[in-house]
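Take a look at the structure below.
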Amino acid sequence: MRILAIETSCDETAVALLSGEGDVLMVHENAIASQAAEHAKYGGVVPEVAARRHVDALFPLLEAAGVPRDGKGIDAIAVTAGPGLVPALRIGVEAAKTLSYLWKKPLVPVNHLEGHLYSVWLEQQVPAFPALALLVSGGHTELILMRGHGEYELLGKTRDDAAGEAFDKGAKLLGLEYPGGPNVSKLAQKGNPHAIEFPRPMLESGDLDFSFSGLKTAVAVYVREHPEARREDVCASLEEAVADILVQKTMTAVQQTQPASVILCGGVSANRVLRERLAESVAQIDGITFHIPDLAYTGDNAAMIAAAGYFRFRSGQTVNPLLLAADPNMKLAERV
Ligand code: KG4
Ligand code: ZN
């Protein structure tokens, strides 16, 4: 079964072709046109600019990926329907609806966050259920218990900023370019992670929620009061604080829910310190497997949307292409 996927929720236009058999997936094409350099000028993503760039990039990208113009050989079309920036989401959704309508192929709406979860299936990994997922991106920080395909329970989430925002806002305060995460992480390699003791909010909260806005304030205050501070040390200490919080909360969730596997995904899962630290912690517990996406699939891409779409299509979850609308606040999991 072959799936075409389209992703335009933020600042990457992405198209993928994927085939699946049983639980095993194979990526044939994974094309991405990034607009990050364009948005760096503004210090963040500008929705209208993103939408315009998606319009320019989408059809050339479909051509570049070798998607047949008559849709031949494609069994279904998956598209990110939310959450994300409305003007951006709508470009992908309308294109997918049009292709579905003209080609008479089933249309499968996918939640962007579900795509991140399924990014680990792209490397022929098959996490056992129940799987506990730490999803860390630029807009979300969530602990999700996945009981089966499409069965999600929200265990905890951030009450304010996402983990990615802690990196992005910290980077801005230090005069580093957007997106800040990779830049902070690069400088951090040459810094001392114990140079500054930044706060670890919510570790004693007794629940599985997060809060990262205080960390941004702490960085702002520190930089103001210590103009002589080495940026490398600030970056390393910030990275250490974020990784500490994420790993500790995830391990508390592991103890509470006793999952068969742990998944780390989302843009921030590209962070080396976080990957290593969580892998070490999970390895200390017998009988649990640990899954992270290949670095090619940590950031936004359409292969992960195709993967999530494949499992949804397999369970018959298609929609009428005339009726699909982008949903900027689309929810994946609710608390039970
Ligand atoms: O999943 P993603 O590509 O887009 C969203 O769905 O939000 O995540 C982007 C986020 C940004 O905040 C970016 O700074 C962060 O992931 N990020 C990183 C790293 N690479 C990307 N954060 C820390 N370390 C990294 N190496
Ligand atoms: Zn994302």
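Just so you know, these numbers use all the heavy atoms, side chains as well, and skip hydrogens, waters and symmetry mates. Each ligand, and each atom within it, is numbered from 1 in the order the structure gives.
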Kindly state each residue pair satisfying salt bridge (Lys or Arg N to Asp or Glu O under 4.0 Å) with at least one member in residues 24-34, sequence neighbours excluded. none
Pairs touching residues 176-194 that satisfy salt bridge (Lys or Arg N to Asp or Glu O under 4.0 Å), sequence neighbours left out: none
Please report whether ligand 1 has a polar contact with [X], defined as an N or O pair separated by less than 3.5 Å (distance criterion only).
| X | answer |
| --- | --- |
| Gly138 | yes |
| Glu165 | no |
| Thr298 | no |

Distance alone, cut at 3.5 Å: any donor-acceptor contact between the side chains of Asp161 and Ser213? no
Is there a donor in the side chain of His112 and an acceptor in the side chain of Thr80, or the other way round, less than 3.5 Å apart? no
For the atom pair CE (Met304) and OG1 (Thr298), what is the distance rounded to the nearest 0.5 Å? 9.5 Å
Could you identify the single nearest non-hydrogen protein atom to [atom] and state the distance to 0.1 Å?
| atom | result |
| --- | --- |
| atom 2 (P) of ligand 1 | Asp300 OD1, 3.4 Å |
| atom 15 (C) of ligand 1 | Val268 CG2, 3.8 Å |
| atom 24 (N) of ligand 1 | Asn271 ND2, 3.0 Å |

Got Leu187 and Glu232 here, is their nearest side-chain heavy-atom distance under 4.5 Å? yes
So do Leu143 and Gln256 actually touch side chain to side chain, heavy atoms under 4.5 Å? no
Within a distance under 4.0 Å of any heavy atom of [X], pick out the atoms of ligand 1 and give their elements.
| X | value |
| --- | --- |
| Gly181 | 14 (O), 18 (C), 19 (C), 22 (N), 23 (C), 24 (N), 25 (C) |
| Gly139 | 7 (O) |
| Gly164 | 12 (O) |
| Gly267 | 1 (O), 2 (P), 3 (O), 8 (O), 16 (O), 17 (N), 18 (C), 19 (C), 20 (N), 21 (C) |
| Gly299 | 3 (O) |

Between ligand 1 and [X], can you find any atom pair, the residue atom being a heavy atom, that is separated by under 4.0 Å?
| X | result |
| --- | --- |
| His112 | yes |
| Pro182 | yes |
| His116 | yes |

Using 30° and 60° as the class limits, which term best fits the ring planes of Trp121 and His149: parallel, tilted or perpendicular? tilted
Below 30° counts as parallel, above 60° as perpendicular, anything between as tilted: where do the rings of Tyr222 and Phe198 land? perpendicular
Quick check against the 3.5 Å criterion: does Asp168 have a side-chain atom that pairs as donor or acceptor with the backbone of Gly181? yes
Any heavy atom of Glu12 under 4.0 Å from ligand 1? The part involved is neither
Just let me know how Asp168 lines up against ligand 1, side chain, backbone, both or neither, with a heavy-atom cut-off below 4.0 Å. side chain
Short of 2.8 Å from the Zn ion (ligand 2), name each protein N/O/S atom, waters not counted. His112 NE2, His116 NE2, Asp300 OD1
Mind checking who shares a hydrophobic cluster with Val46, ILVMFWY linked at side-chain heavy-atom distances under 4.5 Å? Tyr42, Val49
Only one of Thr8, Asn30, Leu62, Ile32 forms a side-chain contact (heavy atoms from CB on, under 4.5 Å) with Val15, so which one is it? Leu62
Nearest heavy-atom neighbours spanning Ala303 and Tyr297: CB-CE2, 3.8 Å
Minimum-distance pair of heavy atoms, taken over all atoms of Glu114 and Ala308: CG-CB, 3.9 Å
